[in-house]
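Worksheet for the structure shown next.
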2 protein chains.
Amino acid sequence: MKRENTKQKLLDVAIDLFSKKGYDVVSVREITRHVGVKESALYNHFRNKADILDIIIDIFIDEVGKTSFPLDEIDEGLKQMDLSAYLQYQLLLFYKKMTPRMAKIWQIIYMEQFRNKKARDVVLNEIMGRPDKFYKKVFQVAFENDKLKTTQPETLAKMYQYTLLSLSWEQMLRHINGEDISNIIEKRYEIIRLICD
Amino acid sequence: MKRENTKQKLLDVAIDLFSKKGYDVVSVREITRHVGVKESALYNHFRNKADILDIIIDIFIDEVGKTSFPLDEIDEGLKQMDLSAYLQYQLLLFYKKMTPRMAKIWQIIYMEQFRNKKARDVVLNEIMGRPDKFYKKVFQVAFENDKLKTTQPETLAKMYQYTLLSLSWEQMLRHINGEDISNIIEKRYEIIRLICD
DNA sequence: GTCTATACGAGGATAGAC
DNA sequence: GTCTATCCTCGTATAGAC
């Protein structure tokens, strides 16, 4: 129990520090100092520094993979709502799942995606790929139900999802800069309005 | 002249190594070893390691700021071409300016944007902001000339440019992974086709 | 099983000799 | 301008105390 306690503390401190300063800048000594143990004690719980980041990314995969973008609920959802309401509903679901801890991990993954292969694959698969598939099906179903007028529902879906992606990117940069980001959230609804015309 | 020679060599090696491995991982000793001087010699040309990155980012600002996205050429361009041709033409201009050296610097800026304030501001201003303004005017002018049918040319412009942004992001990640990226280039033309319908 | 103490090589950076 | 010598911090491994 002492073991699990220390390990959990180390992980929490690491998530906090990594998200604030970046993985490379944070030292093992800094993490253990915050917990109150010597740096050598960390190696009883983690293989090395990289292992900590690895476990943090696994937490993200677990949370996102379990709960987000279920393909089999689309048909039913679009029976009850029109496309505009359904897209807004999906945005709300997304915000709801974004706990402070998950927001930190999200930031860590964005920060490390260019240097860490696992973080990069999470971005490609979980953040780009799976939502892409999800919204392609959403737009396809809406198209078949005459709820969307376009010649290319798949390309429109990609545009929608990739615009959201860039907005989340911009939001993260402005968040780090300490700028106001409430207007970026508003922009997402603007885009839904444009698409559903 | 010996000074300028060494400084230029150090800068070139730094650009190459930073783009391949990332700023933090590359050591001052590694850079100077490639040039053939001692690590302390580097401090005659640069204040510190961060100063090198700073200068590299300045090179990017200089190149992009001088040549890209001139607002005053839009009216004339759209007189000679329809919107579809003009967007394709702008893409080609962009590819043409992307020399191997600039591609490396581009990658460095993407890698460091979450940790380095100056890189972050370059992304926000030069990569997101200025193209955004440019395409907003393009779509506005096309709208006024009846070359574009929509109720919200500004939002559509943002969607177009932000979709390109995410594509460049995805392209960089797949490039680092050593994956094939030719189909991403094709996707840009698909999106132009969708918008111009 | 978990901790502290300690040591090693490598990192960024500086001072002073040539 | 470039060198050698030096300093402190880093990630990590090991030995031994409880």
Side-chain angles (χ1 to χ4, degrees), chain A residues 1-58 105 108-109 111-120, chain B residues 1-58 108-109 111-119:
Chain A
M1 49 187 59
K2 194 174 181 187
R3 174 193 184 123
E4 284 311 310
N5 210 331
T6 303
K7 180 167 185 174
Q8 195 54 50
K9 275 187 200 162
L10 287 168
L11 203 56
D12 287 339
V13 168
I15 290 173
D16 192 57
L17 292 176
F18 286 170
S19 71
K20 277 184 190 144
K21 304 175 155 198
Y23 170 80
D24 302 279
V25 176
V26 176
S27 68
V28 169
R29 286 173 174 86
E30 190 177 0
I31 297 172
T32 53
R33 203 187 317 127
H34 272 81
V35 176
V37 292
K38 282 288 160 192
E39 66 264 23
S40 51
L42 183 139
Y43 291 88
N44 291 311
H45 306 286
F46 303 96
R47 283 200 308 274
N48 50 33
K49 191 186 170 189
D51 189 38
I52 305 174
L53 182 56
D54 220 65
I55 289 170
I56 291 173
I57 297 175
D58 278 332
I105 297 181
I108 293 170
I109 286 173
M111 287 173 106
E112 303 308 324
Q113 63 183 315
F114 297 102
R115 247 180 291 270
N116 183 288
K117 167 87 170 126
K118 191 165 178 174
R120 188 159 57 247
Chain B
M1 49 189 56
K2 193 176 183 186
R3 174 193 186 123
E4 284 312 309
N5 210 331
T6 304
K7 179 167 186 174
Q8 193 56 48
K9 276 186 200 161
L10 288 168
L11 203 57
D12 287 339
V13 169
I15 289 173
D16 192 56
L17 291 177
F18 286 170
S19 71
K20 276 183 190 144
K21 304 176 157 198
Y23 171 80
D24 301 279
V25 177
V26 175
S27 68
V28 168
R29 287 174 173 88
E30 190 177 1
I31 297 172
T32 54
R33 203 188 316 127
H34 273 82
V35 176
V37 292
K38 283 289 162 191
E39 65 263 26
S40 50
L42 181 138
Y43 293 89
N44 291 310
H45 305 286
F46 305 95
R47 283 200 307 273
N48 49 34
K49 192 185 170 189
D51 189 37
I52 305 174
L53 182 56
D54 220 65
I55 290 170
I56 292 173
I57 298 174
D58 278 331
I108 293 171
I109 286 173
M111 289 173 105
E112 303 307 324
Q113 62 183 315
F114 297 102
R115 244 176 295 258
N116 183 288
K117 165 89 170 126
K118 192 166 178 172

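Here is the naming used below: chain letters follow the sequence lines, and residue numbers restart at 1 for every chain.
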Partners of D16(A) by side-chain hydrogen bond (donor to acceptor under 3.5 Å, both in side chains), sequence neighbours excluded?
-> K20(A), K104(A)
Would you say the side-chain atoms of [X] pair up with the backbone N or O of [Y], donor to acceptor, closer than 3.5 Å?
X      : Y       : value
K21(B) : R115(A) : no
Y23(A) : A50(A)  : yes
K49(A) : V26(A)  : yes

Using ring-ring contact (aromatic ring centres under 6.0 Å, His included) as the criterion, list what pairs up with F46(B), not counting sequence neighbours.
-> none
Kindly write out the residues that satisfy ring-ring contact (aromatic ring centres under 6.0 Å, His included) with F114(A), not counting sequence neighbours, or none if the list is empty.
-> none
When you measure from every atom of DNA chain C, which of residues 20-27 of chain B have a heavy atom less than 4.0 Å away?
-> V26(B), S27(B)
Provide, to the nearest angstrom, the distance between the [atom1] atom belonging to [X] and the [atom2] atom belonging to [N].
X      : N       : atom1 : atom2 : result
K7(B)  : dG1(D)  : NZ    : P     : 10 Å
R33(A) : dG11(D) : CZ    : C1'   : 14 Å
L42(B) : dG12(C) : CG    : P     : 10 Å
F46(A) : dG11(D) : CZ    : C1'   : 15 Å
K38(B) : dA5(D)  : NZ    : C1'   : 12 Å
K9(A)  : dT2(C)  : NZ    : P     : 14 Å
N44(B) : dT4(D)  : CG    : P     : 14 Å

Side chain to side chain contact (heavy atoms under 4.5 Å, CB included) against S27(B), all qualifying residues, sequence neighbours excluded | R29(B), E30(B)
Heteroatom pairs (N/O) under 3.5 angstrom, protein to nucleotides 13-18 of chain C:
from    : atom 1 : to     : atom 2 : distance (Å)
dA13(C) : OP2    : Y43(B) : OH     : 2.7
dA13(C) : OP2    : K49(B) : N      : 3.1
dA13(C) : O5'    : Y43(B) : OH     : 3.4

Taking only N and O in the side chain of T6(B), is any of them less than 4.0 Å away from OP1 or OP2 of dT2(D)?
-> yes
Just to confirm, is there a sub-4.0 Å distance from OP1 or OP2 of dT2(D) to any side-chain nitrogen or oxygen of H45(B)?
-> yes
Check whether any side-chain heavy atom of Q8(A) lies under 4.5 Å from a side-chain heavy atom of D12(A), and answer yes or no.
-> yes
Report the C-alpha separation of L10(B) and H34(B) in whole Å, then their side-chain angles, then the decisive distance to 0.1 Å, and conclude whether the side-chain contact (heavy atoms from CB on, under 4.5 Å) test is met.
-> CA-CA 8 Å; L10(B) 288 168; H34(B) 273 82; over 6 Å; no
